[in-house]
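Written below as structure tokens is the structure these notes are about.
Computed from a predicted model, the values in this text were never measured in an experiment. Every chain is numbered from 1 and lettered A, B, ... according to where its sequence line falls, protein lines coming before strand lines.
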Amino acid sequence: MEISKTYNPAEVEDKWYAYWMAHDFFKSVPDEREPYTIVIPPPNVTGVLHMGHMLNNTIQDVLIRRARMLGKNACWVPGTDHASIATEAKVVAMLRERGIKKSDLSREEFLKYAWEWKEKYGGIILEQLKKLGASCDWSRTRFTMDAGYYDDVINVFIDLYNKGLIYRGKRMVNWDVVARTAVSDEEVIFKDTRSRMVYVKYLVDNGQLTIDNEKGQGTGDKGITQSKNYIVVATVRPETIMGDVAVAVHPDDERYKHLHGKNVIVPLVNRAVPVITDEAIDKEFGTGCLKVTPAHDTVDYEIGLRHGLPVIDTLNEDGTISEAGKVFVGMDRFAARKQAIKKLEEDGLIEKMEDYSHQVGHSERTDAVIEPRLSMQWFLKMRDLSKPALDAVVSGEVKLIPNKFINTYKYWIENVRDWCLSRQLWWGQQIPAWYDGEGNFVVAKTREAAFEKLRMQNAECRIENIKQDEDVLDTWASSWLWPISVFDGFAKPDGDIKYYYPTSDLITAPEILFFWVARMIIAGYAYKKEKPFTNVYLTGIVRDKQGRKMSKQLGNSPEPLELISKYSADGVRVGMLLCSPAGNDLLFDESYCEQGRNFANKVWNAFRLVKGWTHHPQPLSKGEGSRTDVTPEKNQVAIDWFSSKLSSEIENINDLYSKYRISEALMATYKLVWDDFCAWYLEMVKPDFVDGQPLPVDSYTYNSTIEFFEDILKLLHPFMPFITEELWHLIRERDEKDCVINAEWPEALPSDKNIIEQFELFKEVVTNIRNIRQQKNISPKTPMKLALVKNKEPLPEWFPRLLVKLCNVPILIFGNTYPGNVLPFIVRQYEFHVSLDTTLDIAAEKARLMLELEYNKGFLESVQKKLSNERFVQNAKPEVVEIEKKKQSDAEAKIKAIEEQLGSL
RNA sequence: GGGAGCAUAGCUCAGCUGGUUCAGAGCAUCUGCCUUACAAGCAGAGGGUCACAGGUUCGAACCCUGUUGCUCCCACCA
């Protein structure tokens with residue numbers, strides 16, 4: 001059978017994914033085993049796979065596959081999030097392309113389009129995950145707007161309302177003028193923005209008064225005191241001037257004391273407003289005067305409340321100036337800003353303008369500049385509800401990995417503010433509040449239930465006149481129930497949830513620590529009296545090589561599916577993990593995927609080698625036949641060594657997994673396979689050729705090698721599920737259900753430290769000899785002769801025959817050297833000579849030895865210095881002193897040997 | 001403005017309670033090899049004042065202080 005020289009992943013991947021599915025290997029049903037559960041962070045239903053998903057889901061799949069192999073009942077629940085704002089925006093855009101305006105549609109019509117969209121595009125991202133190899137239990141796929149899920153969200157809302165934790169009120173909220181909805185504090189991104197600070201004159205109402213506005217009155221550099229009948233207010237939002245209802249100064253500000261209680265004229269609209277005093281004013285900022293616009297600024301709103309000021313809302317929900325603004329009505333806020341400046345200039349009311357850089361809130365979804373806006377919304381009181389979620393993380397009941405996020409988390413919870421739950425959108429769970437049109441409202445699940453309640457407040461109320469709240473809930477008010485709802489935890493508290501909850505690990509991005517993780521923990525304690533998961537693994541952000549976040553706009557993100565077709569799913573998975581240290585951002589580069597692909601190919605070729613062996617069905621006894629150069633005795637060392645090495649590495653790998661150092665676990669596996677297994681083990685046991693034919697391999701060696709290979713496939717499987725499954729079936733005849741996906745994770749047997757140590761010595765000798773070949777330009781095919789000249793302890797008896805195998809150099813002489821030219825080298829306390837046919841460059845050799853001598857003398861000196869330091873000998877631990885003493889004697893021996901060599905030259 | 005974290009080879013990172021081989025890995029680089037598993041490979045080599053400056057200690061990449069540079073989080077300074 002001819003096996004391709006390179007691994008061809010395309011058909012292999014589809015074949016095995018279908019095979020796993022057909023055999024229900026991803027499916028989990030509760031049983032007597034220990035559960036291992038992951039709920040996927042549900043991607044937006046409109047989403048397409050990006051590199052962040054690739055990383056996140058690769059890690060989840062690695063963990064779930066390993067758990068499955070460890071004999072746990074592994075359950076990975078997939079699904080999607082309805083993502084109200086994002087999806088609604090996409091549907092609106094799609095309708096606009098078709099010439100349909102959202103405003104022309106009824107709610108029902110719009111939702112019909114939205115659901116059509118969801119049915120058509122909603123599954124794309126999940127299909128893409130399958131290409132990556134994600135072993136989710138697809139039969140459990142959930143969507144946050146599924147009927148049952150929808151009910152859970154509504155029921156929780158009603159419950160929280162009944163407990164007095166949800167209230168409705170007119171508050172200052174973050175308003176997204178593009179999406180025309182309120183958004184939560186977490187959805188506001190502050191960005192450094194350059195604006196113009198405009199210094200606007202507000203004339204004092206009483207023409208008699210003169211005010212001095214200059215700092216350092218009369219003594220400043222200008223030397224001139226100007227008297228003015230105005231005060232100057234600094235603002236970056238002159239378009240809000242029409243909403244001004246006062247000018248505030250600090251009560252202690254000497255500059256303005258004479259104005260307390262006076263009126264000033266608001267420009268543009270010529271309204272007289274009082275000068276008030278408030279502690280909240282920063283005397284140092286701007287001119288120390290604040291224009292008070294309660295409708296459009298949080299601070300101003302609070303000042304307004306304290307002083308009983310009116311609220312003039314000059315903005316429409318789409319960000320245009322409202323009727324109440326009186327001027328620039330209907331104009332967009334930014335156009336109005338320009339116009340206001342122009343008008344103020346014309347009126348001579350601008351003192352000066354400055355460039356000003358500050359943080360401005362933008363909508364996470366639409367990137368529109370957020371307007372603080374007063375509006376009627378629903379809020380959830382967070383303080384008491386979040387208390388258990390704080391304790392859980394602080395006590396370590398829920399672990400954050402890496403734990404540097406604990407501080408951030410703590411700070412957020414401790415300072416959490418009430419959560420604005422309502423969104424002025426249609427796509428989402430509609431708020432179950434009902435109004436009778438006369439100022440009464442109730443919260444109830446159905447119209448009928450609402451009617452019953454409303455009748456208590458308003459006997460006249462008629463069922464056909466009551467109206468449900470138009471708003472929907474924030475998306476996160478549904479996804480915070482994800483770990484409970486995906487198991488029908490509300491509807492069937494004694495069902496699957498009992499088995500799977502709390503889930504094991506949550507793998508997600510730190511960006512949504514507050515949005516989602518914190519709130520899931522809150523909901524978990526509120527509704528299950530228990531944490532939703534034990535470990536939260538926070539992945540880094542995928543960036544490009546220049547450290548920029550990958551984004552569509554920058555166009556710096558590779559297309560994941562193209563990467564997969566180029567480098568194979570296994571290659572890309574390995575590539576993602578190679579560059580993702582735990583908890584740090586990763587600078588992604590395609591070359592990592594190339595490395596992953598090359599690694600897959602290496603494994604493939606190791607298989608080709610083993611597959612090409614012919615082997616005797618029975619172990620051969622010694623001396624049987626002439627072609628039995630390869631005997632079990634000869635390979636015993638290699639087998640013993642690798643067996644020990646394998647076990648100690650399994651231990652190491654398990655330890656790394658337990659610390660969630662996935663990238664390092666991969667690297668340890670990589671080196672075990674590439675270096676230990678391929679470069680050393682296989683090189684030692686592979687058969688020699690006689691007459692162009694490889695000698696048969698004895699069955700003991702053959703079977704051992706196959707078993708090692710199988711263990712290696714198991715260790716590789718979480719990282720490279722496809723190639724390992726393919727090889728699992730090629731390497732041995734299997735039953736239909738015998739797959740690596742459900743094979744048992746290899747056990748670390750007791751390993752022989754001694755043989756591992758001996759082998760390290762062996763490797764050093766081999767490297768030295770190969771180095772000499774390289775230096776002297778001697779082909780590996782040319783046999784060389786080696787002498788062991790000096791040794792304190794005997795070499796393991798197997799050295800000579802394995803040296804022949806690996807570097808074509810037998811040790812022929814012990815305790816003596818060769819006549820003629822020899823090249824010496826020292827490994828630990830052993831001195832070797834290689835016999836050379838070529839003449840030796842004495843001068844060069846002397847120079848080399850002198851260098852080595854000098855170096856060792858310096859080293860010895862530093863060790864002696866340490867040992868002659870009394871305080872070191874007294875204070876250091878005895879074993880440390882012992883080590884230093886050993887270093888001293890080794891160095892002395894080495895120096896002596898070098899000197900002897902120099903003498904003999 | 002407040003807080004957190006980071007700074008180790010050209011790149012990405014390890015380095016766990018200060019003390020094993022005068023600082024490790026992978027990739028990249030350089031040199032020699034198409035050696036019948038693999039050139040997506042083999043063999044070998046080079047490469048670091050552990051950001052900077054002080055301090056503690058017999059001993060510091062590691063602990064302390066300061067400086068510089070980067071990143072992230074939080075925050076209503078108009």
Side-chain angles (χ1 to χ4, degrees), chain A residues 3 5-7 172 190 197 233-237 240 248 280-282 284-287 289-293 297-302 356 358-359 361 372 402 404-405 407-408 411-412 415 510 513-514 541 545 547 567 571 578-581 583-587 589 591-592 594-595 597-612 659 661 663-664 667-668 670-671 674 678-679 682-683 686 689 692-694 767 770-775 777 779-781 807-808 828 855 858-859 862-863 865-866 869-877 879-884 886-887 890:
Chain A
I3 310 166
K5 246 180 156 180
T6 50
Y7 167 58
M172 194 57 82
F190 285 90
M197 178 77 89
V233 170
T235 179
V236 288
R237 296 195 299 160
T240 64
I281 308 304
D282 181 350
E284 306 302 317
F285 192 87
T287 60
C289 300
L290 174 72
K291 64 195 257 325
V292 182
T293 322
D297 189 282
T298 325
V299 177
D300 295 16
Y301 177 68
E302 271 154 31
Y356 182 65
H358 61 146
Q359 299 281 326
K404 67 179 175 186
F405 288 104
N407 281 332
T408 323
Y411 185 85
W412 183 82
N415 295 282
L513 186 61
F514 309 135
I541 294 167
K545 263 224 141 159
Y567 299 107
L578 278 175
C579 60
S580 58
N584 284 332
D585 286 0
L586 55 124
L587 302 184
D589 187 86
S591 63
Y592 289 109
E594 201 181 326
Q595 196 183 341
R597 177 202 60 180
N598 293 355
F599 183 43
N601 202 45
K602 183 73 187 177
V603 177
W604 179 255
N605 276 298
F607 163 75
R608 285 181 63 219
L609 171 68
V610 175
K611 197 64 193 171
K659 292 172 178 152
R661 295 177 162 215
S663 182
E664 287 174 58
M667 191 41 74
Y670 179 96
K671 285 195 275 191
W674 200 308
C678 294
L682 289 180
E683 288 300 330
K686 78 181 187 186
F689 276 67
Q693 285 298 313
T767 303
R770 285 173 175 170
N771 192 1
I772 289 170
R773 277 192 190 277
Q774 180 85 6
Q775 274 174 24
N777 210 2
S779 158
K781 287 177 187 161
C807 41
N808 201 7
R828 306 192 194 177
Y855 166 82
F859 176 63
S862 79
V863 175
K865 205 169 152 192
K866 220 183 236 187
N869 183 333
E870 268 178 49
R871 289 204 273 181
F872 169 72
V873 181
Q874 277 169 15
N875 296 335
K877 284 181 234 161
E879 53 275 28
V880 175
V881 179
E882 271 315 300
I883 287 160
E884 290 301 317
K886 184 161 186 305
K887 277 203 247 176
D890 283 0

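The listed nucleotides are B/rU35, B/rA37, B/rA78; the one nearest the side chain of A/His358 is B/rA78. The side chain of A/Phe872 lies closest to B/rC58, out of B/rC38, B/rC58, B/rA78. Nearest to the side chain of A/Ala606, among B/rG26, B/rA37, B/rC73, sits B/rA37.
Counting any heavy atom pair closer than 4.0 Å across all strands shown, A/Tyr592 reaches sugar-phosphate atoms only and no base atom. Counting any heavy atom pair closer than 4.0 Å across all strands shown, A/Arg597 reaches a base atom. The residue A/Tyr670 sits close only to the backbone: its heavy atoms come under 4.0 Å of sugar-phosphate atoms, none of a base. Residue contacts for A/Lys5: at a heavy-atom cut-off of 4.0 Å it reaches the sugar-phosphate backbone alone, with no base atom in range. In this structure, A/Gln359 reaches the bases: a heavy-atom distance under 4.0 Å links it to at least one base atom across the strands shown. Using a 4.0 Å heavy-atom distance criterion, A/Lys671 is classed as a sugar-phosphate-only contact. Within the 4.0 angstrom heavy-atom criterion, only backbone atoms of the sugar-phosphate kind lie near A/Leu587; the bases stay farther away. Counting any heavy atom pair closer than 4.0 Å across all strands shown, A/Ile281 reaches a base atom.
Classification of the A/Trp674-A/Phe599 ring pair by plane angle, with boundaries at 30° and 60°, yields parallel.
For B/rA75, the OP1/OP2 oxygens have no side-chain nitrogen or oxygen of A/Tyr411 closer than 4.0 Å. When the side-chain nitrogen and oxygen atoms of A/Thr767 are compared with OP1 and OP2 of B/rG44, one or more of them lie within a distance under 4.0 Å. At least one side-chain nitrogen or oxygen of A/Lys602 sits closer than 4.0 Å to the OP1 or OP2 atom of B/rC42. OP1 or OP2 of B/rG15 sits under 4.0 Å from a side-chain N or O of A/Arg661. Applying the 4.0 Å criterion to OP1 and OP2 of B/rA78, one finds that A/Tyr356 has a side-chain N or O inside that range. Note on A/Asn601: every side-chain N or O is 4.0 Å or more away from OP1 and OP2 of B/rG41. A sub-4.0 Å separation between OP1 or OP2 of B/rA37 and a side-chain N or O of A/Lys686 is present. Distances shown here put a side-chain N or O of A/Trp674 below 4.0 Å from the OP1 or OP2 atom of B/rC42. Distances shown here put a side-chain N or O of A/Asn771 below 4.0 Å from the OP1 or OP2 atom of B/rA45. Between B/rA37 and A/Arg608, no contact under 4.0 Å exists linking OP1 or OP2 to a side-chain N or O.
Base-pair partner of B/rU36: not found among the strands shown (Watson-Crick or G-U wobble, both distances under 3.5 Å).
Between A/Thr293 and A/Arg237 the shortest side-chain heavy-atom distance does not fall below 4.5 Å.
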